[in-house]
Protein chains: 2
Amino acid sequence: MSASLTRIKKDFTQGLSQISRFWGFPKGMGAIFAVLYLSPMPLSLDEIVQETGLTKGAISTEIRALARMGLVHRSSRLGDRKDYYEAESDFYAAIRSILKERQNSEFDRAIRSVRGTLETMEANWVDDEEWNFVYERVQALQEFFDAIDSLTMAVVKLEKLGFSNVTKILSVLK
Amino acid sequence: MSASLTRIKKDFTQGLSQISRFWGFPKGMGAIFAVLYLSPMPLSLDEIVQETGLTKGAISTEIRALARMGLVHRSSRLGDRKDYYEAESDFYAAIRSILKERQNSEFDRAIRSVRGTLETMEANWVDDEEWNFVYERVQALQEFFDAIDSLTMAVVKLEKLGFSNVTKILSVLK
DNA sequence: ATGAGTGTTTAGTACTTACTAAACGCAGTA
DNA sequence: TACTGCGTTTAGTAAGTACTAAACACTCAT
């Protein structure tokens with residue numbers, strides 16, 4: 001029976017909420033995305049209110065964050081003052097957008113500060129035993145971050161090429 | 001002068017604190033790891049107290065989490081009742097350990113619930129238009145998660161092979 | 001045993017954050 | 001101009017979290 005479809009939607013929404021919270025986003029964010037993702041047509045803000053149980057205000061702010069990440073798209077119809085929202089279903093497009101956004105985040109600022117540490121050490125070098133040790137350690141961490149960054153870029157490029165490349169990567173590592 | 005070494009350590013520690021917070025860990029965790037990572041020798045709990053300014057209690061609990069993730073190792077010396085802690089410097093080893101831990105986390109539980117949704121839909125199938133739509137969407141998300149998981153495993157295998165493979169991956173995608 | 005020196009646990013606190021409720025601004029319409 | 005129907009902003013709240021301070025438990029030495 002189709003009555004259980006609402007139940008399935010609810011379960012799915014709850015799952016995405018937890019995943020959202022796990023990644024450090026508000027759980028409401030995951031709920032909003034889930035509702036949009038399972039909807040065949042774009043939804044208005046009030047419809048999202050009804051589906052999620054959140055208030056307009058919360059949805060207003062959180063949907064903007066989702067849009068900034070490229071996970072939802074806002075559209076408007078002529079002669080209709082409502083805005084309509086739909087989920088991005090191409091996750092690779094979303095990931096690329098998220099990673100682009102990340103460039104300006106606190107995270108990259110912090111990582112750059114590690115590189116800055118290296119540079120200041122090089123600038124006024126002291127040939128001390130501990131100094132050398134610290135330098136090597138910081139350098140190793142920097143290299144690790146760079147590796148992660150390279151991998152990230154690899155994933156971004158994946159978006160252009162499609163799914164099969166993951167298995168391609170795996171075969172390379174075999 | 002070596003006086004600025006303490007300054008460099010402090011800057012580095014603060015950087016790692018922010019990175020830690022970004023990933024959803026307490027910032028004190030990053031600070032503890034940073035202090036250990038830059039120390040040429042293992043440190044006792046009291047020494048960590050002095051370096052970080054945190055209290056014994058906080059360090060006690062947070063260092064256990066770090067140890068569980070494989071980011072620090074605890075050791076004890078004969079005739080010395082203190083425990084000593086040192087940072088894991090092989091980050092790939094740490095990553096593998098973290099990913100192993102992740103298997104039991106809320107994240108994977110949530111992802112499994114998505115797969116569960118698919119299975120219950122298949123079990124009592126309804127040939128409804130919306131039903132089909134929802135099923136396809138959930139399935140697409142599932143495939144995306146699987147791809148991420150494959151990539152994760154690729155990174156885990158990387159640990160065995162060393163750094164150069166990241167560039168190798170990039171060359172494949174070229 | 002007693003005491004000193006460990007790490008651990010617990011109760012409480014300051015702070016952050018996700019959210020609500022309601023005021024607000026801003027269009028289009030009468 | 002006032003009104004209606006939107007989305008947005010803001011003030012306040014409830015809950016979670018990282019941390020402190022202090023009590024606690026354990027181990028070894030005397």
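Chain A is the first sequence line, chain B the second, and so forth, proteins listed ahead of strands; every chain is numbered from 1. Computed from heavy atoms alone, side chains included, the values below leave out hydrogens, waters and symmetry copies.
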Just jot down the side-chain hydrogen bond (donor to acceptor under 3.5 Å, both in side chains) partners of S44(B), sequence neighbours excluded, or say none.
E47(B)

Find the distance Y85(B):OH to dT8(C):C1' and express it as a whole number of Å.
10 Å

Closest to the S60(B) side chain: dT8(C), dC19(C), dT8(D)?
dT8(C)

Roughly how far, to the nearest 0.5 Å, is OG of S17(A) from CZ of F12(A)?
10.0 Å

Under a 4.0 Å heavy-atom cutoff, the residues of residues 29-54 of chain B touching DNA chain C are L45(B)

Length of the line joining R64(A):CZ and dC19(C):P, which is rounded to integer Å:
15 Å

Could you work out, with ring pair (Phe, Tyr, Trp, His ring centres under 6.0 Å) as the rule, every residue matching Y84(B), not counting sequence neighbours?
none

If you look only at pairs with a residue in residues 48-69 of chain A, which of them pass as a salt bridge (Lys or Arg N to Asp or Glu O under 4.0 Å), with sequence neighbours excluded?
R68(A)-E101(A)

Nearest listed nucleotide, side chain of D83(B), among dG7(C), dC6(D), dT9(C)
dG7(C)

Euclidean distance, atom CZ of residue R74(B) to atom P of dT6(C) [Å, nearest integer]
15 Å

From CD1 of I63(B) across to C1' of dT6(C) the rounded distance in Å is 14 Å

For residues 11-37 of chain A, the salt bridge (Lys or Arg N to Asp or Glu O under 4.0 Å) pairs (sequence neighbours left out) are R7(A)-D11(A)

Pairs satisfying salt bridge (Lys or Arg N to Asp or Glu O under 4.0 Å), at least one member in residues 78-89 of chain A, at least two apart
R74(A)-D83(A)

Counting primed atoms plus P, OP1 and OP2 as sugar-phosphate and everything else as base, spell out the protein contacts along nucleotides 21-30 of chain D at 4.0 Å heavy-atom distance: B, S or - for each nucleotide, 5' to 3'.
S-----BB--

Sequence-distant partners of K9(A), salt bridge (Lys or Arg N to Asp or Glu O under 4.0 Å), two or more places apart
E130(B)

With Q142(A) via side-chain hydrogen bond (donor to acceptor under 3.5 Å, both in side chains) - residues at least two apart
D146(A)

Check residues 31-42 of chain A and write down every donor-acceptor pair under 3.5 Å in which the side-chain atom is one partner and the other belongs to a residue at least two apart or another chain.
residue, atom, partner, partner atom, Å
Y37(A), OH, R137(B), O, 2.7
S39(A), OG, M41(A), N, 3.3
S39(A), OG, M41(A), O, 2.4

For residues 11-27 of chain A, which residues have at least one heavy atom under 4.0 Å from DNA chain D?
none

Output the rounded distance in Å from CD1 (I59(A)) to C1' (dC6(D)).
14 Å

Roughly how far, to the nearest 0.5 Å, is the CD atom of E119(A) from the CG atom of N124(A)?
12.0 Å

Output all residues satisfying side chain to side chain contact (heavy atoms under 4.5 Å, CB included) with W23(B), sequence neighbours left out; order by chain, then residue number.
F107(A), I19(B), F25(B)

